[in-house]
Asks: 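Below: one structure in structure tokens.
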Amino acid sequence: MLKVLVVFGTRPEAIKMAPVVKALERERERFLCRVAVTAQHREMLDQVLELFDIRPAYDLDIMRAGQTLFDITERALSGLRRVLEAEAPDLVLVHGDTTTTFAAALAAFYLQIPVGHVEAGLRTRNKYAPFPEEMNRHLTAVLADLHFAPTPRARTNLLTEGVPAERIFVTGNTVIDALQATVRPDFAFTDPVLRAVDFASQRVLLVTTHRRENWGAPLREVYRALREVVLAYPDVVVVFPVHRNPVVRDVVLAELGGLPRVHLIEPLDYLPFANLMARCHLVLTDSGGLQEEAPALGKPVLVLRETTERPEALEAGTVELVGTARERVLAATRRLLDDPAAYRRMAEAVNPYGDGRAAARVVAALAYRFGLAAEPPEEFVPPCAGNYFTGPAGGKIFSESGAGIGPGSVEH
Ligand code: UD1
Ligand code: UDP
């Protein structure tokens, strides 16, 4: 029996690790799965734990209002030291690129515990973009013993850095597993703002922003572009779940507060958020995860960044890097609103990121590497076309097997 300690701390890590936790829990004869959360995020994390019915054995509760990178690193590192010493797992499993990820990998290294890295190998090769995530991901890769690359390109990145091929498994991204467990054609919103939106006659622009390198002037530029869009198009509605970070929130309110057809709402729980993404017209975001989810739902994405570590959808033409300059954001948004052919080209359902079996592959790879299975899992091969059907609102909604699966479970 292999004892695996899964560590995460923020909303996106929780969403993407939930399918892995559930897959490990299903394999009770071979794995003992324990979860430790740093709670680098609090409310944004807790709603995911509740949705997927995950009960952490440890909760370090490190979040403070306005925390710095130093605060997170120090509190996560010393807190996880105590957890790892008490738990003595055979393996620590971390996800992605947050400061919790890096601190957990470092703590495990200091105690000479092997590290598995889920969503490994994404790179911009720009140390400061995304900041600090690009470096967190690099540093975690150096510390990790097993690398679960979501795509073949991520594997190539790791090979280029000298990671031995036998330590890398191409699994697909677990975010697609999470989406399949969440998006349903008959989903009914409870939020009054979302209930009031007429998805048939109004074009919903779904907006999220939070990246550190965009704080201040770049975000202001984006919000000014949005203001112009909404004033110019009477059928456009902006739904903007505003990140809880006060640095982001203050600027959003100053630039977009009080505008007609601009709904500034609290961060949505993942279940309504994923279903909103499935029904919206267009996504504008600087998020990493949304760049993977929206293409799988057939939604064009304008990426409010200069560079991305997720080039697969860029190459497929379903996302476009527009940066943050007001003129560019405005022009790109206008083009998609005015030119149905340009919109259709981007909305074509191409999903280079996963087939919903990533978590099962992670678990199968662990079993193989630790001698609990004779064969490694079959690798994920992108892209996955044809997993789609057209939902009642006309938007493409994921997928045959995912439809009808409710919260509290990622089993299918
Ligand atoms: C963090 C991650 C980032 C990830 C993002 C996803 C780091 C350095 N940053 O950025 O990689 O892409 O999460 O959202 O690891 N807050 C709350 N409640 C919450 C969550 C946050 O009030 O549930 C507020 C707090 O004031 C907190 C602030 O937001 O201090 C910033 O949170 P933090 O985790 O430091 O940074 P994010 O920008 O969320
Ligand atoms: N998300 C959510 N509610 C929101 C905004 C985002 O549940 O109001 C989900 C989204 O579906 C995705 C994840 O949170 O799975 C992305 O988180 P975020 O953008 O904060 O982080 P990143 O992906 O950039 O690290």
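Each residue takes its place number in the sequence, starting with 1. Note that the structure is a prediction, hence the values are computed from the model and not measured. For ligands, and for the atoms within them, numbers begin at 1 and follow the listed sequence.
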Asks: Where is the nearest protein heavy atom to atom 11 (O) of ligand 2: which residue, which atom, and how far?
Replies: Glu293 OE1, 2.9 Å
Asks: Between Ile72 and ligand 1, which part of the residue brings a heavy atom under 4.0 Å of the ligand: side chain, backbone, both or neither?
Replies: side chain
Asks: For ligand 2, is there an N or O atom under 3.5 Å from any N or O atom of His243?
Replies: no
Asks: Hey, is ligand 2 close enough to His210 that some N/O pair sits below 3.5 Å?
Replies: yes
Asks: Could you check whether the rings of Tyr343 and His281 sit parallel, tilted or perpendicular, using 30° and 60° as the cut-offs?
Replies: parallel
Asks: Is atom CZ of Phe109 surrounded by more than 12 heavy atoms (other residues, nucleotides or ligands) closer than 6.0 Å?
Replies: no
Asks: Examine the side chains of Thr324 and Glu221 and answer whether a donor and an acceptor come within less than 3.5 Å of each other.
Replies: no
Asks: Hey, mind stepping through Arg123 and Asp97 against salt bridge (charged side-chain N to carboxylate O under 4.0 Å, His left out) and telling me if it holds?
Replies: CA-CA 10 Å; Arg123 297 287 184 269; Asp97 60 7; over 6 Å; no
Asks: Considering only heavy atoms from C-beta outward, does the side chain of Pro89 approach that of Ile113 to under 4.5 Å?
Replies: yes
Asks: If the cut-off is 4.0 Å to any non-hydrogen atom of Thr98, which atoms of ligand 1 fall inside it?
Replies: 11 (O), 15 (O)
Asks: Salt-bridge test for Glu306 and Arg328: reply yes if a basic N is under 4.0 Å from a carboxylate O, no otherwise.
Replies: yes
Asks: Between Pro130 and ligand 1, find which residue part has any heavy-atom pair under 4.0 Å and reply side chain, backbone, both or neither.
Replies: neither
Asks: Do any nitrogen or oxygen atoms of Leu45 come within less than 3.5 Å of a nitrogen or oxygen of ligand 1?
Replies: no
Asks: Just jot down the ligand 1 atoms closer than 4.0 angstrom to any heavy atom of Arg42, in number order.
Replies: 19 (C), 23 (O)
Asks: Hey, would you say the Tyr223 and Phe240 ring centroids sit under 6.0 Å apart?
Replies: yes
Asks: Under 3.5 Å, N or O to N or O, is Arg211 touching ligand 2 that way?
Replies: yes
Asks: Does any N/O atom on Leu268 come nearer than 3.5 Å to any N/O atom on ligand 2?
Replies: yes
Asks: Answer with side chain, backbone, both or neither: which part of Pro132 has a heavy atom less than 4.0 angstrom from an atom of ligand 1?
Replies: side chain
Asks: For ligand 2, note which part of Glu133 has a heavy atom under 4.0 Å away: side chain, backbone, both or neither.
Replies: neither
Asks: Using a 4.0 Å cut-off to any heavy atom of Glu43, which atoms of ligand 1 qualify?
Replies: 17 (C), 18 (N), 19 (C), 23 (O)
Asks: By number and element, which atoms of ligand 1 are closer than 4.0 Å to a non-hydrogen atom of Arg244?
Replies: 16 (N), 17 (C), 18 (N), 19 (C), 22 (O), 24 (C), 29 (O)
Asks: Return the closest protein heavy atom for atom 26 (O) of ligand 1 as residue, atom name and distance.
Replies: Gly66 N, 3.1 Å
Asks: Is there a nitrogen or oxygen of Ile15 sitting under 3.5 Å from a nitrogen or oxygen of ligand 2?
Replies: no
Asks: Below 30° counts as parallel, above 60° as perpendicular, anything between as tilted: where do the rings of Tyr128 and Phe131 land?
Replies: tilted
Asks: Please work out, at 4.0 Å between heavy atoms, whether the side chain, the backbone, both, or neither of Pro241 comes within that distance of ligand 2.
Replies: side chain
Asks: With side-chain hydrogen bond (donor to acceptor under 3.5 Å, both in side chains) as the test, pick out the partner of Asn173 among Glu312, Glu292, Glu293, Arg310.
Replies: Glu292
Asks: For ligand 2, note which part of Phe273 has a heavy atom under 4.0 Å away: side chain, backbone, both or neither.
Replies: side chain
Asks: Might you work through the salt bridge (charged side-chain N to carboxylate O under 4.0 Å, His left out) test for Arg125 and Glu309, ending with a clear yes or no?
Replies: CA-CA 8 Å; Arg125 309 276 176 213; Glu309 64 285 62; over 6 Å; no
Asks: Do side-chain atoms of Arg203 reach the backbone of Leu337 as a donor and acceptor pair under 3.5 angstrom?
Replies: yes
Asks: Could you tell me the residue and atom name of the protein heavy atom closest to atom 34 (O) of ligand 1, and the distance to it rounded to 0.1 Å?
Replies: Gln40 NE2, 3.0 Å
Asks: With a 4.0 Å cut-off on heavy atoms, is Lys16 in contact with ligand 2?
Replies: no
Asks: At a 4.0 Å threshold, what atoms of ligand 1 neighbour a non-hydrogen atom of Glu133?
Replies: 3 (C), 9 (N), 11 (O), 12 (O)
Asks: Select the closest option to atom 36 (O) of ligand 1 among His210, Arg212, Gln67, judged by heavy-atom distance.
Replies: Arg212
Asks: Indicate yes or no: does an N/O atom of His243 lie under 3.5 Å from an N/O atom of ligand 1?
Replies: yes
Asks: Short N/O distance, under 3.5 Å, between Arg11 and ligand 2?
Replies: yes
Asks: I want to know if ligand 1 touches Arg211 in the polar sense, i.e. an N/O pair below 3.5 angstrom.
Replies: yes
Asks: What part of Leu290, side chain from CB on, backbone N/CA/C/O, both or neither, has a heavy atom under 4.0 Å from ligand 2?
Replies: side chain
Asks: First locate atom CG of Asn136, then atom CG of Leu106, and finally report the distance between them rounded to the nearest 0.5 Å.
Replies: 11.0 Å
Asks: Determine whether a donor-acceptor pair (N or O, by modelled atom type, separation under 3.5 Å) exists between the side chain of Arg279 and the backbone of Asn275.
Replies: yes
Asks: Looking at Leu69, which atoms of ligand 1 are within less than 4.0 Å of one of its heavy atoms?
Replies: 8 (C)
Asks: Check each heavy atom of Arg64 against ligand 1 and say whether those closer than 4.0 Å belong to the side chain, the backbone, both or neither.
Replies: backbone
Asks: Under the 3.5 angstrom rule, does the side chain of Thr208 hit a backbone N or O of Thr285 as a donor-acceptor pair?
Replies: no
Asks: Which part of Met44 is near ligand 2, with near meaning a heavy atom under 4.0 Å away: side chain, backbone, both or neither?
Replies: neither
Asks: Between CG of Leu321 and CD of Gln291, what distance do you get to the nearest 0.5 Å?
Replies: 7.0 Å
Asks: How far is atom 16 (C) of ligand 2 from its nearest protein heavy atom, and which residue and atom name does that atom have?
Replies: Ser287 OG, 3.8 Å
Asks: Name the closest protein heavy atom to atom 23 (O) of ligand 2, giving the residue it belongs to and the distance to 0.1 Å.
Replies: Gly289 N, 2.7 Å
Asks: What do the steps show when you test Arg335 against Glu320 for salt bridge (charged side-chain N to carboxylate O under 4.0 Å, His left out), and what is the final call?
Replies: CA-CA 12 Å; Arg335 191 167 47 80; Glu320 185 184 339; 2.7 Å; yes
Asks: Using distance alone, determine whether Gln47 and ligand 2 share an N or O pair under 3.5 Å.
Replies: no
